[in-house]
Every structure is written in C-alpha cells, then in structure tokens.
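Below: the structure, in structure tokens.
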Number of protein chains: 2
Amino acid sequence: MPKRENISMSVIRRLPRYYRFLKLLREKGVTRISSTELSAKLGLTASQIRQDLNCFGGFGQQGYGYMVDQLCTEIGNILGLSHAYKAVLIGAGNLGQAIASHLSFETEGFTLVGIFDNADAKIGRTINGLTVRNIDTLERFCNLEKPTMAVLCVPRSAVESLSDRLYALGIRCFWNFSHYDINMKYGDAIVENVHLNDSLMTLCYRITNDPMRTTK
Amino acid sequence: MPKRENISMSVIRRLPRYYRFLKLLREKGVTRISSTELSAKLGLTASQIRQDLNCFGGFGQQGYGYMVDQLCTEIGNILGLSHAYKAVLIGAGNLGQAIASHLSFETEGFTLVGIFDNADAKIGRTINGLTVRNIDTLERFCNLEKPTMAVLCVPRSAVESLSDRLYALGIRCFWNFSHYDINMKYGDAIVENVHLNDSLMTLCYRITNDPMRTTK
DNA sequence: TAGATTGTTAATCGATTAACAATC
DNA sequence: TAGATTGTTAATCGATTAACAATC
C-alpha cells in the first residue's frame, strides 16, 4: 500500500492545499466528495487529483468517491502533521512574532518550544506563552530540548553564522525567512527558504505585464 | 526584441531569484558573469538560465557573458520594479506590521500609501511612518489615492467581504496572507495567495519522509 | 443490474537539458 | 586567429491530461 517512492515535488506541494480544503469541508459537515467536485473547487483536473492521491494509496471508493474525514486524516498522516516536532524560533521582531502566533493557533506538524533574540528590549517578553530567551543560552537550551527545526526570522547578516551554530547543535531542518538562501550548503539539511519579496516581485511582474491593462 | 509572449509561470517565478542574486553581485562589485557561474550559484543549469533570459531578449555577449549591472537592471525592468504601484495594507497585526516594514526597506515595485485596521487599539498608531487608519475610511481614501494593490493581513473570516469591497473600489491586484484563497473569483484580478502554513506542512512532510532519517 | 467514480495505463503536452552554430 | 560563451534548435525528460477498464 505505501507505494511512496520518488514522489515529485509538485505533488508534495499540492498536498497541503488538499489538506486545507478537506479540513474546511469536514468542518462544514461534508462527508463525501468526488475528484470532479474537488477539481472544480481547487482549479485542478480530476485526473490530476486522482493521480496525486494514488501516489500514496487508494483512498477512494470506486463508484462513490472519497470520504472527506478519512481522506483528510490520511493526508495529514502523509504530511506527518501529528509529529509535533520541536521547533525553536530565532528573531522576535514583527515577523518572528507573527510566525510564533501563526504556529501556535494552527499547530500543524510542529510545537514551538523556544524563542530567542539578541536584543535586550526583546529578551524576557512573552509571545504566545513563551518567554523570549537570550540567544546566548541557545546552546544550553538545544542540548537539553533537542529541537528538530529552527525558524529563522533574523536579518540577512545574521543567518550564516546562526545556521552554522544551529547545525552544530544537530538541527537539520530550517524554515528560513531571512533574505539569504541557506540552500544546499549542508548536504543533509532540509531547508524551506521563504522569500516574501519574490512573491511580491512576481505580483509586480503580473500587473506590469497583464494583457488586460497593457493598452498596447 | 521584446519577444515576450506566453512566458511560462515557471520562468516568471525564477526572475526574482535572478534579480536578487544579481543585485547581490553588483553590491559586491562583480561586473561580469557567465551562465555557467550563475548556474553553479543558483543550483540551476546554465542552459536553463540562458533559455530563461532569452525569453526576454539577448542580454548577453557571446564569448563574454553577461554584464551584472545591465542584466540586473533589465530584469528589474521586466519585473516592472520601478513602477512603485500604490498599495494599501489591511490588518495591522504582527504580520501586517512585519510586511509593512518589509515593503518599506526593500521597496521593490510598490509604495505603501495606507494601512488600515478595525481595532481601536491599532488605529492611530504609526508603523514605518504611516498612521494606521480606521477601516471605515477605506472608501474615501481609495477614491482619492486610487491604489493598485491591496495586501491582506486579516483573519480568514474578514477576507471575503473585504476583497469584495476592495474590488468595488477598483483594486484588481491582491497579495493575500489570510488563510482563505481568493483565487479565480474575479476573472480580471491578479492574486498571490501566500500560504505560510503550506510551506510549513511541506517542511513537515520532508522531515517525516526524509530517507536520511527514516530508519526503515 | 445500471450508474457512478475510482485506479491506472497510455497519450499529450510542456519544461528542462543537451548540443552546437553564431559571434564576440 | 583561437577561446569562450552566448543564442537557439533539437532531444529528452517529466508532469499533466485523457481514456477506460475495474469495481463499488
């Protein structure tokens, strides 16, 4: 049943969308859905959805469709959302604070166990139930808590040395919001570089080159 | 020279990365770079980079490579970054504040002209030089300023009515951080839905299914 | 049983890579 | 001129779509 091999990144990136939508349906009390209905709502083809889901196993019932609740749970399991991996967040600025709240009210896959900053003004403050710790205590904390993941909300200049430090502490998974890619530096690390600026520039491209508005 | 037709989305999504990297190079004083050097740094093939750039015109010099400064400027122009489109931001919570700062210190394509919120505690506060306005004054403000884009940093429940309101005010471009997709509702609107949670869940999938750590 | 809808294979489409002629 | 590297075409690879047999 777990065929799972060589799942392409494009499929993986669609899983959270499926999951979110199914969760919404479940909340609404919908029990059953067909790939055709799903496709209409998500703007994909029914074929693609069936193809995607079948990478992981046959979750549907022929002639009937998919059970919303079951499918949602299955995808949640595939994503590994119940693991509650321990995560630390570095940088308690606005973005850090926003992420910290985000994570807590939509705890999907991770538990935030520590927040760190180097500014005296931030240290000691409470964000979402966690006290902001002095970055100097990072080593002690990590050796004790053994977090799996680090969220980086620090300025570009701080990332390089910080990621080295975290890597040395055994962290192999980074959610990076700084404007500095930490891709492929460490062969065995998993990195998500989130570039909000890239998204903004893409938007800019799209307005600028929109056939609707370019008069020419 | 401007061949620009049917540029695929995958190419467009790579443009900001090129732009960022070239800007960095320029700051470092690098004047010349070949597609091969670029490819090594960006983790792409030289072929792909040349292919991408040639969608928009021949910016290189055969036998020599690309002028960093010129190429950076060209890509900036393609992206339309100098337009400084007027943008309003709705929702002055942590995320809104983070974005507002983001936009201002890395002004690429847009100028933030107004910030709005509905909470008395937020209204009147100053974020990055802009005073948070009462959401009730949105219509008056937009009729005057005619912003092009709206950044949505509001809870899911608020998005639907808010986007309708903004659409009615002539806004056709949305940068949406709420957990509610406003895709394809309005045929002529340009939308970037940023789902930070999707990125997080993808990360969770990748740790959970990492061949490095799954013992089995 | 008939109708519906999945699971899965085959066909198509598009994006990436390779190759090389053009040319600085 | 020789060396290097682009611009561009052709080949390959992978992802999406279409089709249909399996089956609930």
Side-chain angles (χ1 to χ4, degrees), chain A residues 1-15 17-18 21-22 25 30-72 74-75 78 184 202 205, chain B residues 1-18 21-22 25 30-75 78 184 202 205:
Chain A
M1 185 259 246
K3 334 185 166 181
R4 301 201 202 191
E5 242 176 272
N6 288 48
I7 309 288
S8 88
M9 208 54 194
S10 26
V11 174
I12 295 168
R13 297 249 169 232
R14 279 191 295 269
L15 290 180
R17 276 177 70 199
Y18 294 144
F21 188 71
L22 288 163
L25 283 179
V30 179
T31 55
R32 182 200 150 270
I33 194 154
S34 72
S35 58
T36 310
E37 289 171 277
L38 261 175
S39 73
K41 304 280 186 175
L42 291 168
L44 302 167
T45 63
S47 221
Q48 181 164 62
I49 291 173
R50 292 203 299 278
Q51 194 85 275
D52 283 353
L53 297 178
N54 267 81
C55 293
F56 303 98
F59 302 133
Q61 244 179 297
Q62 278 160 330
Y64 178 83
Y66 301 87
M67 303 288 284
V68 170
D69 181 50
Q70 189 214 327
L71 187 57
C72 186
E74 293 282 12
I75 297 180
I78 292 162
M184 66 201 134
T202 305
Y205 175 91
Chain B
M1 184 260 244
K3 335 183 166 181
R4 298 201 205 192
E5 242 176 89
N6 287 48
I7 309 288
S8 87
M9 207 55 193
S10 27
V11 174
I12 295 168
R13 297 249 170 232
R14 279 193 293 269
L15 290 180
R17 275 176 70 199
Y18 294 144
F21 189 71
L22 288 163
L25 283 179
V30 180
T31 54
R32 181 200 152 270
I33 195 153
S34 71
S35 58
T36 310
E37 288 172 278
L38 261 176
S39 72
K41 303 280 187 176
L42 291 169
L44 303 167
T45 63
S47 222
Q48 181 164 61
I49 291 173
R50 292 204 299 277
Q51 194 85 273
D52 283 354
L53 298 178
N54 267 81
C55 293
F56 303 98
F59 302 134
Q61 244 178 295
Q62 278 160 328
Y64 177 83
Y66 300 88
M67 303 288 284
V68 170
D69 181 51
Q70 189 214 326
L71 186 58
C72 186
T73 306
E74 294 280 13
I75 297 180
I78 292 163
M184 66 201 131
T202 305
Y205 175 91

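Note on naming: letters A, B, ... go to the chains in the order of the sequence lines (proteins, then strands), and numbering restarts at 1 for each one. Note that this is a predicted model, so its numbers are computed, not measured.
A:Tyr18 and A:Gln48 make their closest contact through OH-O, 4.3 Å (heavy atoms, listed as atom of the first residue, atom of the second, distance). Closest approach of A:Leu22 to A:Cys72, counting heavy atoms only: CB-CB, 3.9 Å.
As rounded to whole Å, 13 Å separates atom C1' of D:dA15 from atom CD1 of A:Ile7. Separating the CE atom of B:Met9 from the P atom of C:dT16 is a distance of 13 Å, rounded to the nearest angstrom. Taking atom CG of residue A:Leu42 and atom C1' of nucleotide D:dT16, one finds them 16 Å apart after rounding to whole Å. Taking atom CZ of residue A:Phe56 and atom C1' of nucleotide C:dG7, one finds them 15 Å apart after rounding to whole Å. Atom CG in B:Leu53 sits about 15 Å away from atom C1' in C:dT16, given to the nearest Å. Look at CD1 on B:Ile49: it is 12 Å from P on D:dG7, rounded to the nearest Å. Between the C1' atom of D:dT23 and the CG atom of A:Asn54 lies a distance of 14 Å, rounded to the nearest Å. Between B:Glu74 atom CD and D:dG7 atom P the separation is 11 Å, expressed in whole Å.
B:Arg50 is listed as a side-chain neighbour of B:Tyr66, based on a closest heavy-atom distance under 4.5 Å. Counting heavy atoms from C-beta on, the side chains of A:Glu37 and A:Arg32 come closer than 4.5 Å. A 4.5 Å side-chain heavy-atom check between B:Arg14 and B:Leu44 finds at least one atom pair inside the cut-off.
The backbone N or O of A:Leu42 lies less than 3.5 Å from a partner atom in the side chain of A:Arg17, making a donor-acceptor pair.
Within the nucleic acid shown, B:Ser35 comes within 4.0 Å of sugar-phosphate atoms alone, with no base atom in reach, counting heavy atoms only.
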Are there any protein N/O atoms within less than 3.5 Å of an N/O atom in nucleotides 17-20 of chain D, and if so, which ones and at what distance?
residue : atom : partner : partner atom : Å
D:dT17  : OP2  : A:Thr45 : OG1          : 3.0
D:dT17  : O4   : A:Gln51 : NE2          : 2.3
D:dA18  : N7   : A:Ser47 : OG           : 2.5
D:dA18  : N6   : A:Ser47 : OG           : 3.4
D:dA19  : N6   : A:Arg50 : NH2          : 3.2

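Residues A:Gln61 and B:Arg32 each lie close to DNA chain D; by heavy-atom proximity, the contact nearer the 5' end of the strand is made by B:Arg32. Summary of the strand contacts: B:Gly63 and B:Asp52 both lie near DNA chain C, and taking for each the nucleotide with the nearest heavy atom, the more 5' one is attributed to B:Asp52.
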Seminar exercise, completed: The dot-bracket string of DNA chain D, counting Watson-Crick and G-U wobble pairs with both distances under 3.5 Å, using [ ] for crossing pairs and | for pairs to another strand, is ..||||||||||||||||||||||
For this session: Go through the steps for B:Met9 and A:Thr202 under the test side chain to side chain contact (heavy atoms under 4.5 Å, CB included), then give the verdict.
Result: CA-CA 9 Å; B:Met9 207 55 193; A:Thr202 305; 3.9 Å; yes
For this session: Any chance you could lay out the side chain to side chain donor-acceptor pair (under 3.5 Å) test for B:Ser47 and B:Thr45, step after step, and finish with the verdict?
Result: CA-CA 5 Å; B:Ser47 222; B:Thr45 63; 5.2 Å; no
For this session: Would you check, one step at a time, whether the test side chain to side chain contact (heavy atoms under 4.5 Å, CB included) holds for B:Phe56 with B:Ile7?
Result: CA-CA 9 Å; B:Phe56 303 98; B:Ile7 309 288; 3.8 Å; yes
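For C:dG7, one of the phosphate oxygens OP1 or OP2 lies less than 4.0 angstrom from a side-chain nitrogen or oxygen of A:Tyr66. For the pair A:Arg14 and D:dT16, the criterion of a side-chain N or O lying under 4.0 Å from OP1 or OP2 is met.
The base of C:dT5 has none of its N or O atoms less than 3.5 Å from a complementary donor or acceptor on the side chain of A:Gln62.
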